Protein chains: 2
Amino acid sequence: MLKISKKADYALMALQHIASVQFGDVTPGRVVNTKEIAEEYNIPLELLAKVLQVLSKNGLIESHNGPKGGYLLARSARQITIAQIIESIEGPLAITDCSHEKEGEFCMQREHCNIRTPLLKIQDSIYQLLNNMTLGDMMGGTPLITIQSPSAQGVEQ
Amino acid sequence: MLKISKKADYALMALQHIASVQFGDVTPGRVVNTKEIAEEYNIPLELLAKVLQVLSKNGLIESHNGPKGGYLLARSARQITIAQIIESIEGPLAITDCSHEKEGEFCMQREHCNIRTPLLKIQDSIYQLLNNMTLGDMMGGTPLITIQSPSAQGVEQ
DNA sequence: TGATCTCCGATCAATTTGGTCGGACTAAGA
DNA sequence: TCTTAGTCCGACCAAATTGATCGGAGATCA
């Protein structure tokens with residue numbers, strides 16, 4: 001049902017938290033450690049740690065070792081898109097198996113497949129959607145989604 | 001990675017096939033049986049059968065019993081949206097667990113959850129996208145996707 | 001009445017995902 | 001310089017989901 005994984009959920013929560021501490025009014029620039037986030041949001045510590053490791057390996061956050069260590073955003077919240085976060089954890093967006101098929105792999109249905117092209121179009125649209133929304137958008141009261149359907153109105157709930 | 005299931009893939013292929021036979025030039029109105037579709041697209045027969053059963057139970061296609069039986073679209077291809085097909089197989093679109101949370105269920109993170117609202121907005125946009133594209137669009141050379149981002153440019157990484 | 005088809009439920013195997021454990025390395029503070 | 005709190009990293013296990021299979025019941029047409 002087009003679900004994003006819990007790990008990606010945790011990643012989003014953590015990044016949002018780090019961003020709000022780092023750029024907030026109370027303790028700007030403060031480093032945030034794994035335990036703090038895990039307790040705040042009731043996320044299993046070990047699992048969150050692994051998620052943060054991946055995010056740091058992929059260059060979204062910086063890790064600082066040792067006591068008083070923790071994580072910082074690697075760049076501004078406006079420069080980190082939701083697509084980057086999700087793909088960082090889950091790998092490239094692939095709505096259907098054949099969308100990133102390499103040479104050698106083969107899809108049994110490919111021969112007469114009639115849905116590949118339209119599905120790829122849909123995938124592309126979803127990617128656009130996720131890539132147009134940044135961490136920054138998720139925080140402030142700013143408009144969240146700039147991409148809109150010209151024919152779709154009354155969507156604000 | 002936001003993947004739709006194989007079953008949903010099969011459903012899309014099958015419906016596309018039924019539609020193209022039913023409204024095609026060669027044998028318009030002809031009933032299509034499970035075996036024909038399974039062989040054409042190399043889909044395991046039993047699995048496809050189950051998919052078609054669900055589609056018919058959900059009113060997307062009509063089944064005709066007995067020999068020379070088979071399936072027909074329950075309404076025109078333009079009146080069947082991709083969202084209807086996918087939801088028929090996979091259940092309601094839920095990008096994140098808490099999006100259709102009932103009373104009684106509870107999300108451990110809910111208390112301080114900071115990402116629920118933006119995620120629901122994204123989910124809504126994806127739904128719009130899928131619901132604006134019909135089976136009919138998937139077939140003809142007609143424009144596939146009407147929803148487009150007015151402001152999305154230059155974000156390609 | 002028999003062959004051919006859909007219908008339906010139960011079940012199994014494989015993959016993915018959520019979650020855990022243990023040890024190595026790093027840096028601040030006593 | 002030694003200790004300790006923290007990150008880092010890889011291997012591992014368990015549960016849930018998904019893909020796929022099997023067997024029989026009920027309809028329909030020749």
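Since this is a predicted model, take the numbers as computed values, not measurements. Every chain is numbered from 1 and lettered A, B, ... according to where its sequence line falls, protein lines coming before strand lines.
Between B:Ile37 atom CD1 and C:dT6 atom P the separation is 9 Å, expressed in whole Å. Rounded to a whole Å, the CG atom of B:Leu55 is 15 Å from the C1' atom of C:dC8. Here the C1' atom of nucleotide D:dA20 and the CG atom of B:Asp9 are 15 Å apart, to the nearest Å. In this structure, the OH atom of B:Tyr71 is 14 Å from the C1' atom of C:dT4, given to the nearest Å. To the nearest angstrom, P of D:dA16 lies 13 Å from CG of B:Asp97. With rounding to whole Å, B:Lys57 atom NZ is found 8 Å from C:dC8 atom C1'. For B:Gln53 and D:dG23, the CD to C1' distance is 13 Å, given to the nearest whole Å. Atom CD in B:Glu90 sits roughly 15 Å away from atom C1' in C:dT16 (whole-Å rounding).
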- side chain to side chain contact (heavy atoms under 4.5 Å, CB included) assessment of A:Val51 paired with A:Val54: CA-CA 5 Å; A:Val51 167; A:Val54 174; 5.9 Å; no

task: Mind running side chain to side chain contact (heavy atoms under 4.5 Å, CB included) on B:Ile80 and B:Thr134 for me, showing each step along the way?
output: CA-CA 5 Å; B:Ile80 299 181; B:Thr134 70; 5.9 Å; no

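Atom CG of A:Leu60 and atom CD1 of A:Ile85 lie 6.5 Å apart (nearest 0.5 Å).
Between C:dT6 and B:Ser56, no contact under 4.0 Å exists linking OP1 or OP2 to a side-chain N or O.
The shortest distance between side-chain heavy atoms of A:Leu130 and A:Thr81 does not fall below 4.5 Å.
Both B:Phe23 and B:Tyr71 are assigned to one and the same hydrophobic cluster, defined by single-linkage of ILVMFWY side chains at heavy-atom distances under 4.5 Å.
Qualifying ring pair (Phe, Tyr, Trp, His ring centres under 6.0 Å) partners for B:Tyr41, counting only residues two or more places apart in sequence or in other chains: B:His17.
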Contact string for nucleotides 18-30 of chain C, one letter per nucleotide 5' to 3', B = base within protein heavy-atom range under 4.0 Å, S = sugar-phosphate only, - = neither, reads SBB-----BBS--

